[in-house]
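Whatever order the structure lists them in is the order used to number ligands and atoms, beginning at 1. Since the model is a prediction, treat every value here as computed from it, not as a measurement.
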Amino acid sequence: MSQWLPIAELAAKVQAGELKATDLVEQALRTIDEKKEYNAIIATTAERARERAGSIDAAVKNGTKVGRLAGVPFIAKDNFLVFGAETTAGSNILKGFEAPYQATVIERLENEGAICVAKANLDAFGHGGSTENSDFGVTKHPRDTNRVSGGSSGGSAVSIVLDMAPFALGTDTGGSTRQPASFVGCIGYKPTYGLISRHGVVAMASSTDTVGTLARSADDAAYVIDIMAGRDQFDGTTIERDTAGYTGVGADMQGKKVGIIKEWMTTGVHDGVKACIDTIAEKMKAAGAEVIEISLPSLPLALAVYYIVVPAEISSNLSRYDGQRYQYSYPDAKNLDESYMKSRGIGFGAEAKRRIMIGTYVLSSGYYDAYYNRAQTVRTKLINEFNDAFKQVDFLIGPVAPTPAFKIGEHASDPLQMYLADMMTVAPSLVGIPSVSVPSGEADGLPVGVQIMAPQRADRALLGIAKAVEGLRA
Ligand code: GLN
């Protein structure tokens, strides 16, 4: 049992003066402190959180209106610009960086009274699926500390399962919210590309970057998404929110058409993971859904496309860390060239360098057509195949990852093995559709999520089906 009430109830109690924001913040900070061994948190924002809680409690006492998230603590992945602690993005190169402004989503949550209590661990710049690429050490799995928590939003996901806060923010560029949610057993929601502003979030790959939500239930996720979603003048890719909002969604399976993705249920997938997805599909049928098999023939190419397009964008986005404008700068450089080379050479970790090299290569003249352009062509093909699939079904389902949480170090020396673990999460990112990981069962005694996908902008419907699937678990 969680020590946190559902978010809507929690806020209502703070608004009514039955619970104090100060007590909720202390409860969050205490839990963070008690569970340090998992290394989910890089830093707390305790001082600022306590101040904000104090002013919310004072407002309630004075009868001033407080927001829809009054006093609700949350944790932000350390690639969100937040006041009250450094923003490192998990990388040494940004150590000591103080946000000059806050991310739009942080502002929107704070305007409704939410209180950020800590910054969560991640693979540096979001590059990875295990948090082993963090310069702050690996985040450990809540059930088995010899295993990874997934990534890159591993710290955010673990913070939810270990009850440190009612919700956490992650980012999802190719699975980073869904995969850790699947590994540790919580909801991990990636919205339609553009639904939630990325202004003030450290960029990884701009054509797939999204803000993810980690929560204990689909209702909690929907409540928070409802506050964050919609246009932002500072992020030109943002889209209008659904006029119906994202809360109060139904949870009915009756009459829904669901496609189980054929290419993800074949070789290379752990039997226990497959069994979880099959069981959920059976339960969906029993609850009134029509479940059919759907084939997306280009799907096996998605991983290759992702690992061309995404490093290309990374190599461009990371060029801003040049030792001149942000944080780490090599102190003894004799000229500008040496400053660039030493600052980046010392500041970036191995994975960032690997991606910069791949990205620079695929974008270089002579190789651009062979790699980058070809990858974009296949990306379009993927988009068309998903569009065709959604003419036949309302939702697609499949595994989130081919295996449950793996051991720390298991893939660390082999980047290709690590990349292969992303084979099911990258396609929805390339296509820009919303996708959620919902706890579905267990394999080898570890949590396993089911991935559910919907057409672009069908986030409201997707949150509804996530809630329905949650109900099938019992
Ligand atoms: N694991 C994937 C990668 O390393 C996804 C990362 C992400 O979504 N930030 O690229």
Side-chain angles (χ1 to χ4, degrees), residues 76-80 89-91 120-134 138-139 148-157 168-183 188-191 193 196 198 201-214 302-318 348-359 362 375 379 399-403 405-406 410-412 414-437 449 451:
K77 187 175 181 177
D78 200 22
N79 54 356
F80 285 79
S91 173
N121 197 11
L122 68 155
D123 288 292
F125 291 107
H127 306 164
S130 66
T131 75
E132 289 169 288
N133 294 333
S134 168
V138 61
T139 296
V148 302
S149 54
S152 64
S153 314
S156 300
L169 297 182
T171 52
D172 192 315
T173 300
S176 275
T177 295
R178 290 162 282 158
Q179 186 255 29
S182 174
F183 277 12
Y189 192 86
K190 178 201 114 58
Y193 179 76
I196 300 180
R198 294 105 29 107
V201 183
V202 177
M204 177 175 162
S206 304
S207 80
T208 67
D209 280 350
T210 57
V211 168
T213 304
L214 296 126
L303 194 74
V305 172
Y306 177 87
Y307 275 102
I308 291 171
V309 172
V310 166
E313 295 182 23
I314 287 172
S315 69
S316 165
N317 273 328
L318 291 186
F348 282 132
E351 186 60 26
K353 287 180 194 164
R354 184 176 295 122
R355 292 185 189 215
I356 290 169
M357 285 191 277
I358 297 172
V362 300
R379 183 180 190 176
V400 178
T403 64
F406 43 87
E410 197 175 322
H411 298 328
D414 186 349
L416 210 56
Q417 282 305 317
M418 193 69 99
Y419 296 172
L420 281 169
D422 300 331
M423 60 192 269
M424 286 125 180
T425 45
V426 295
S429 295
L430 291 166
V431 173
I433 55 173
S435 176
V436 59
S437 173
Q451 182 171 207

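Listed by chain and number, Gly126, His127, Gly128, Gly129, Ser152, Asp172, Thr173, Gly174, Gly175, Ser176, Met204, Tyr306, Tyr307, Arg355, Asp422 each place a non-hydrogen atom less than 4.0 angstrom from ligand 1.
Residues passing the salt bridge (Lys or Arg N to Asp or Glu O under 4.0 Å) test with Asp123: none are found, sequence neighbours excluded. The side chain to side chain donor-acceptor pair (under 3.5 Å) check on Ser130 picks up Glu132, with sequence neighbours excluded. Partners of Thr139 under the side chain to side chain contact (heavy atoms under 4.5 Å, CB included) rule, at least two apart in sequence or in another chain, are Ala40, Asn121, Thr131, Ser149, Val158.
Between Ile314 and His127, the closest side-chain pair of non-hydrogen atoms falls below 4.5 Å.
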Practice task
Take Leu169 and Ser156 through the side chain to side chain contact (heavy atoms under 4.5 Å, CB included) test and state the conclusion after the steps.
Solution key: CA-CA 7 Å; Leu169 297 182; Ser156 300; 5.9 Å; no
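A donor-acceptor pair under 3.5 Å links the side-chain atoms of Gln179 to the main chain of Gly129, judged by distance alone.
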